[in-house]
Amino acid sequence: MMQKYNPQKIEKKWQKKWDENKIYKAKDFSNKPKYYCLIEFPYPSGAGLHVGHLRSHIAIDIIARQKRMSGYNVMYPIGWDAFGLPTENFAIKTKTHPKIVTKNNIKNFTKQIKSYGPSFDWSREINTTDPKYYKWTQWIFLKLFNSFYDQKLDKARDIKYLDVPRDLNNLEKREFIDGQRLAYEAEMAINWCPSCKIGLANEEVVNNACERCGAPAEKKTMKQWMLRITKYANRLIKDLETVDYLEKIKTQQVNWIGKSEGAEVEFRIKNYESRIRVFTTRPDTLFGCTYMVLAPEHNLIEELKLQITNYEEVKKYIQKAKNKSDLDRTDLAKEKTGVELKGIKAINPANNEEIPIWVADYVLATYGTGAIMAVPAHDERDFEFAKKFGLEIRQVVAPLFIGEGKNKIRKDKKNTKRTVVDVIIKHWEKDEYFCLNWSKSKNDWKSFVVGGVEKGESEEEAALREAKEESGYQNMRVVKKIGGTTYSRFFAAHKDVNRHDIKRSCIYIELLDNSFMEPKEEEVKNHDGIWIKKGEVKDFINLQEPKIHWDILQNGERSFLKDGIAMNSEQFNGLTTAEFKKEIIKWLSKNNLGRKAINYKLRDWVFSRQHYWGEPIPIVKCDKCGNISLKEKDLPLKLPDVKNYEPTDTGESPLAKIDRWVNIKCPKCNGNAKRETDTMPNWAGSSWYFLRYLDPKNNKEFASPEKLKYWMPVDLYNGGMEHTTLHLLYSRFWHKFLFDLNYVNTPEPYAKRRSHGMILAEDGQKMSKSRGNVVNPDKVIEKYGADTLRLYEMFMGPYGDAIPWSTSSLIGMNRFLERVWNMKNKVETRFIASKFIASKSKTILIATNNQGKLKELKDHLKDFDIISLKDIDKEIIEPEENGKTFEENSLIKAKYYAKKTGYLTIADDSGLCVNALNGRPGVFSSRYAEGDYKKAHQKLFKELENKKDRYAYFQSVVTLYDPKNNKYEQFSGKCEGKIIDKPQGNSGFGYDPIFMPDGLNKSFGECSFEEKYKYDHRKKAIDKLVKHLNEVETRFIASKTIEILLHQTIKKVSEDIENLKFNTAISSLMILLNEMEKQKTIFNIPACPAGRQYSIFLILLSPFAPHITEELWKMMGNKESIHLQSFPKYNPELAKEKEITLVVQINGKLRDQIKVLADISEEEAKKIALEREKIKKWIEGKEIRRIIFVKGKLINIVV
RNA sequence: GCCCGGGUGGCGGAAUUGGUAUACGCGACAGACUUAAAAUCUGUUUCUCGCAAGGGAUUGUGGGUUCGAGUCCCACUCCGGGCACCA
């Protein structure tokens, strides 16, 4: 019975074997090139793995396997990122120690991970909660604590190199140094639940309320450890150029860091010494600053509270703002709020105007300086705010429109300046507007009435005059001015001059009645006036300026954010935005009112957590000495074992309650001191774990320099998009820091970063325990096997996309594997084919010295290249024929000569067998008769005396022997007949004269060769042989199509794995399988390069489905694991398609397809295409304008 | 709201980067095998007009560039991810 595919039976077996043989262990140092691929190490949660976790593991596993098979020394490690909130919360809930929770979770995760057969090197397993690991996390923290950022060298250095001003006293000195450390303390607001009296993570704040008890969350300011990542902001952006990250990852990081160049400007406060510093990217709009806004947290408010006459109101507002999230505060869609600080005024340094100061929560304390200069005309948020509170909006930048196409400025034409008004005229009763169609001029413009403003005339007067002249209507009124001022540069064809510049504004006029006077001819010579319905105006107008005016009239005014030309800016008027920025910064610097500045959105990293389950911060707090770092020899500072790890009600870490642990002598002065009780965030351990994998058991260093040098950087790092801005940035920061201090040798940790997409639940929702839609991989493996799961996760869609799980699609993968399994029954491993194909020549040696036999065999094998023994070596001596049967003798001969000569060899042994003599074969050979046929005949006749049965047959056994593989194949032919009484005919051929075959009424001796061959036994055997050889060849030729496809598949699979396009790699393997299934046989002849089809297929599939391929590989008789084989390389010649389908298009539409040779020339293709009936039909009576030919693809006929 | 992605059959998706849109898989339908069912195998399957030959439409919507657009440009719309104490 055929064995069925049973993954449950084979997968566990192989997993155990791979583990035992350690085939995935990465060697430190090797002659092979190294390849370090990495997945983000998992957080071992209580929920266990779900299928989404596996996606990246499997993907990188495939790459690891493929690289390993391609000759790389691959490291693919795994470990546990085990500190953090979920474990702590679970521990509190279940009253289990987080250590135990973690241990159990890791155990479960390990079991789950092992069950899908990834090729992790388990010998390097790490765990961030292991004191041996977090010793080094603490060590790095202390390095940060004891370092400062040297701006001149643009790198971090040991704090001992810091230049400390001499004139400071001890306390000031300490404060100065502490202020420069890369790990420092600062007052920061954290989320706080006043009811539970604990600090909350952002995630625990749901709709501004505590997740647990529902009480509204507050902000509480506490001292927090911070890491000065902002010092690295510029390098974190710049060095992105040196790494291969997905473009979107780079963009997201760049945006997150948010570098913006601009200026710092200082505003004086009237009658007071304090100044307000603001950062702006648009110093050119300084003249448009009509008020200022401070963030509610800005310390000036507290400072000037005596001067602020409405301080109570302000205080209330600040209180309210405090508990809003940044998200709520900066939401553009939300109503702006704010309070004016009455009693104080700021002075705009540009024009010395007094402007009001407001406090509003749309300004954040954490960005820039926590204060802004508000320019409502050119900033959206300021605009909204000013509108709401009735603040002045002053335009200082005019849009500049530059004509394009026909309107483009012409160098050879004169430039003229003008001031014009656009006039929008509304009909007196209908909702229609008067527009101009410039069809009579060369301009193609469609606009409103437009006219010049004469000297001494106001815009309104000009508008009224133009409206009357052009429209002919007489009674109208000015309603309002629309928008501000704009500039334009364009070529005016009707006047044949450049308009350089046009200064333009817009007046809106309504007609009062229909009193009308025919306009003068001169007014209408360039255009016609028409009334356009309101809804159609937008599409009718084709010039930018009137379009904008119309938009303002319909939708109201907006701020203008783009660059343009300066106005209302005194001496700077007329400058472009870029010029203005340069000039104003010069001016500010000169007058000591500001300077050029760069600002980042990136903020320093808040590093403290008031929780138990994290790395203790190895700092001692001494009243006298300040913050003192532990000595390296005192690391790790172990997390104390406690019964109660619940949060305290003071907002302090649970560690604060453990007096024994907290109270300590100061390492410096030996006085009473306390330990820092905050712990590190989960991000700490994950910021450097990839370094620990290199040397996980090292007690002296976090990793040895040699190993760092050999393995770093990580060649491929995979992780979710959700880690792009935090973990990825944090770990790059730490790595750069370690690089600055020469602990690592690469400035960047990861050479290449890729991202996987989420697996959604079957309902398209995110998988989550609370939704109850989680798919558990264990169940899938149990039912379908790990290989099916692996294949499905890779096939389901593009690796980077979020895709819903589908159990029914999963079944398709199981079917695929079953078909792979069943294909083994078609595999052809016979040796003959191998020799035949491998030699590529049809030379066959006939192993006989018998000239008659030789002639016969040569006759039968006309199509083959035959040589005889005589042709190669006359010295060869015949072997002893000591076998009993034709088969044995034939084999002895064939083997002997084949081995001697190395040729594919044919030998024949044949003879007459007579029934009456018990059919003894070979008995009557010529040797038996000692060469004398007459004597032999007589002897035979004598033995047959008294026997009635004259039935006999000739038999021939032909052996084809392949000396390379030591294998052979035999073919037998029989000719039945009877012994006749007297020899008849030519007796020169052994027993022929006495044998008469059935169906022939003469003896063989009487026949010509031609006649004899119809009945001949040897001919029959040879025919079988020839048929076999031809069949092999036919199959081989048929397999050529497979051969081409195979090489195309190797190419596709290799490239797709490289590009993480696993879904199409699998699809191409499916296409190959489909094709192979159509074949009668699939070759698998290891000796023959063209005959390894099945092996190659299995190897290609093995990184995806390691278990089934390993099993089939073994079933084929291989001893060594398939995963240690080398990955096939494709032959570009073989991968090429010889014949292609050329597409014929008419005007870009597919009309015909022609099969042609791939390298067909343009002329030939044209000729063939134009002669096609289908094509003739389409081009009949039409003029061929152009023919476009794309080699190997298509031909497009344009008619 | 801001930043980053994305939108192609009934479904997941493919398309060598501007050149045959819908590969591959799922599902569905029909047939073979079976007492029957399941499994398996074979065929059909974007929509639409047509008996057929053949035609027309179609990659979220609208416009543009091009001999030719899923792919490039502009505007809109809808969906997903991130937003700094979840990891």
Side-chain angles (χ1 to χ4, degrees), chain A residues 40 42-43 45 81 83-86 89 188 190-191 199-205 224 229 246-249 251-256 258 325-334 366 380-381 601-611 681-683 686 720-727 729-730 755 757-758 760 764 766 792 795-798 800-813 815-816 818-819 822 1052 1055 1061 1063-1064 1066-1071 1074 1077 1141-1150 1152-1153 1174 1185-1188 1190 1192-1199:
Chain A
E40 284 168 345
Y43 184 89
S45 74
D81 183 17
F83 272 133
L85 205 54
N89 286 342
M188 284 299 295
I190 63 159
N191 295 310
L200 299 173
N202 278 351
E203 201 194 35
E204 297 173 295
V205 181
Q224 306 279 305
I229 187 174
L246 282 184
E247 213 41 55
K248 62 175 174 178
I249 295 177
T251 318
Q252 214 166 302
Q253 289 212 342
V254 168
N255 288 338
W256 182 260
S325 69
D326 286 1
L327 214 61
D328 286 339
R329 283 169 53 165
T330 51
D331 194 336
L332 263 176
K334 292 232 165 90
T366 47
E380 251 179 295
R381 292 152 302 179
K601 252 190 269 177
L602 183 71
R603 310 201 294 249
D604 276 342
W605 174 4
V606 183
F607 200 68
S608 287
R609 298 292 183 275
Q610 292 72 45
H611 286 285
N682 172 276
W683 306 111
S686 61
M721 277 310 286
E722 69 274 20
H723 292 128
T724 302
T725 50
L726 299 181
H727 159 67
L729 219 44
Y730 291 154
S755 265
M758 275 198 297
L760 306 171
K766 225 171 161 171
Y792 174 63
F795 183 73
M796 62 197 305
D801 289 8
I803 297 165
W805 181 266
S806 158
T807 302
S808 60
S809 288
L810 175 83
I811 289 164
M813 299 303 112
R815 272 183 213 155
F816 170 69
E818 263 168 19
R819 284 163 51 207
N822 292 335
K1052 181 97 178 114
E1055 288 171 357
K1061 290 168 81 176
N1063 54 335
T1064 49
I1066 294 169
S1067 145
S1068 69
L1069 286 167
M1070 287 172 165
I1071 293 169
N1074 288 347
E1077 279 188 334
T1141 310
L1142 189 78
V1143 166
V1144 188
Q1145 296 182 332
I1146 309 255
N1147 291 345
K1149 278 208 166 176
L1150 173 73
D1152 200 3
Q1153 304 183 1
K1174 276 187 189 170
R1185 283 223 204 129
R1186 239 173 110 181
I1187 298 182
I1188 288 136
V1190 182
K1193 286 245 155 59
L1194 59 77
I1195 184 161
N1196 186 11
I1197 302 165
V1198 186
V1199 296

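We name chains A, B, ... by the order of the sequence lines, and we start the count at 1 in each one. Below, all heavy atoms of this structure are taken into account, side chains as well, without hydrogens, waters or symmetry copies.
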- prompt: Under 3.5 Å, is there a donor-acceptor pair linking the side chains of R819(A) and N1074(A)?
  reply: yes

field: Donor-acceptor pair (no angle test) under 3.5 Å: Q224(A) side chain, C85(B) base
entry: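 Checked by distance alone, the answer is yes.
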
Is there a Watson-Crick or G-U wobble partner for [N] with both distances under 3.5 Å, and if so, which one is it?
| N | answer |
| --- | --- |
| C33(B) | none |
| A28(B) | U44(B) |
| G60(B) | C76(B) |
| G1(B) | C83(B) |
| G19(B) | C67(B) |

Please classify the nucleic acid contact of [X] as base, sugar-phosphate, or nothing, using heavy-atom distances under 4.0 Å.
| X | value |
| --- | --- |
| I1066(A) | nothing |
| S608(A) | base |
| P86(A) | sugar-phosphate |
| H727(A) | nothing |
| I190(A) | base |

[X] [atom1] - [N] [atom2] separation (whole Å):
| X | N | atom1 | atom2 | result |
| --- | --- | --- | --- | --- |
| E722(A) | G80(B) | CD | P | 16 Å |
| L602(A) | C83(B) | CG | P | 15 Å |
| N89(A) | C85(B) | CG | C1' | 12 Å |
| N202(A) | A84(B) | CG | P | 5 Å |
| H611(A) | A87(B) | NE2 | C1' | 13 Å |
| N255(A) | G81(B) | CG | C1' | 14 Å |
| Q253(A) | G82(B) | CD | C1' | 12 Å |
| I229(A) | A84(B) | CD1 | C1' | 10 Å |

- request: Might you point out which heavy atoms bring M796(A) and P804(A) nearest each other, and give the distance in Å?
  value: CE-O, 3.7 Å

message: Looking at A21(B), I'd like to know if its phosphate oxygens (OP1 or OP2) sit under 4.0 Å from a side-chain N or O belonging to K1149(A).
response: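 For A21(B), OP1/OP2 do not have a side-chain N/O of K1149(A) under 4.0 Å.
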
- prompt: Think R603(A) has a side-chain N or O under 4.0 angstrom from the OP1 or OP2 of A84(B)?
  reply: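 No.
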
Gap in Å between the two [atom1] atoms, one belonging to [N] and one to [M], rounded:
| N | M | atom1 | value |
| --- | --- | --- | --- |
| C41(B) | C51(B) | C1' | 31 Å |
| G70(B) | U46(B) | C1' | 14 Å |
| G18(B) | G50(B) | P | 40 Å |
| G82(B) | A14(B) | P | 23 Å |
| A69(B) | G64(B) | P | 12 Å |
| A23(B) | U16(B) | P | 15 Å |
| C79(B) | C74(B) | P | 23 Å |
| A87(B) | A15(B) | P | 37 Å |

- request: For residues F607(A) and W683(A), establish whether the separation of their ring centroids is below 6.0 Å.
  value: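 So the answer is no for these two rings.
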
Heavy atoms, side chains only, cut-off 4.5 Å: are [X] and [Y] in contact?
| X | Y | result |
| --- | --- | --- |
| M1070(A) | M813(A) | yes |
| L602(A) | L729(A) | yes |
| W256(A) | L726(A) | yes |

Looking only at atom types and distance, does a side-chain atom of [X] sit under 3.5 Å from a main-chain N or O of [Y], one as donor and one as acceptor?
| X | Y | answer |
| --- | --- | --- |
| N682(A) | F83(A) | yes |
| D801(A) | G757(A) | no |
| Q252(A) | T725(A) | no |
| Y792(A) | S806(A) | yes |
| D81(A) | P42(A) | no |

statement: Whether each nucleotide of nucleotides 38-52 of chain B has a protein heavy atom under 4.0 Å at its base (B), only at its sugar-phosphate (S) or at neither (-) is summarised, 5' to 3', as --SS-----------

Contact letters for nucleotides 5-20 of chain B, in which S counts primed atoms plus P, OP1 and OP2 and B counts the base, heavy atoms under 4.0 Å: S------BSSSB--BB

Counting heavy atoms from C-beta on, name the nucleotide in [options] closest to the side chain of [X].
| X | options | answer |
| --- | --- | --- |
| V1198(A) | A84(B), C67(B), G82(B) | C67(B) |
| S1067(A) | A87(B), C24(B), C67(B) | C24(B) |
| N1074(A) | C86(B), G25(B), G81(B) | G25(B) |

query: With nearest nucleotides of RNA chain B determined for S808(A) and K1174(A) from heavy-atom distances, which residue corresponds to the more 5′ nucleotide?
result: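 Upstream on the strand: S808(A).
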
- line: Note: for N1147(A) and I1071(A) on RNA chain B, the residue whose nearest nucleotide lies more 5' is I1071(A)

- prompt: Roughly how far apart are N1063(A) CG and I803(A) CD1, rounded to 0.5 Å?
  reply: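 Output value for this atom pair is 7.5 Å.
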
- prompt: Stepwise, does the side-chain contact (heavy atoms from CB on, under 4.5 Å) test hold for N191(A) with E204(A)?
  reply: CA-CA 9 Å; N191(A) 295 310; E204(A) 297 173 295; over 6 Å; no

query: Does U16(B) fall in syn (glycosidic angle within 90° of 0) or anti?
result: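 That one's anti.
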
task: Could you tell me whether G9(B) is syn or anti, where syn means a glycosidic angle within 90 degrees of zero?
output: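 Here the answer is syn: the torsion falls within 90° of 0.
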
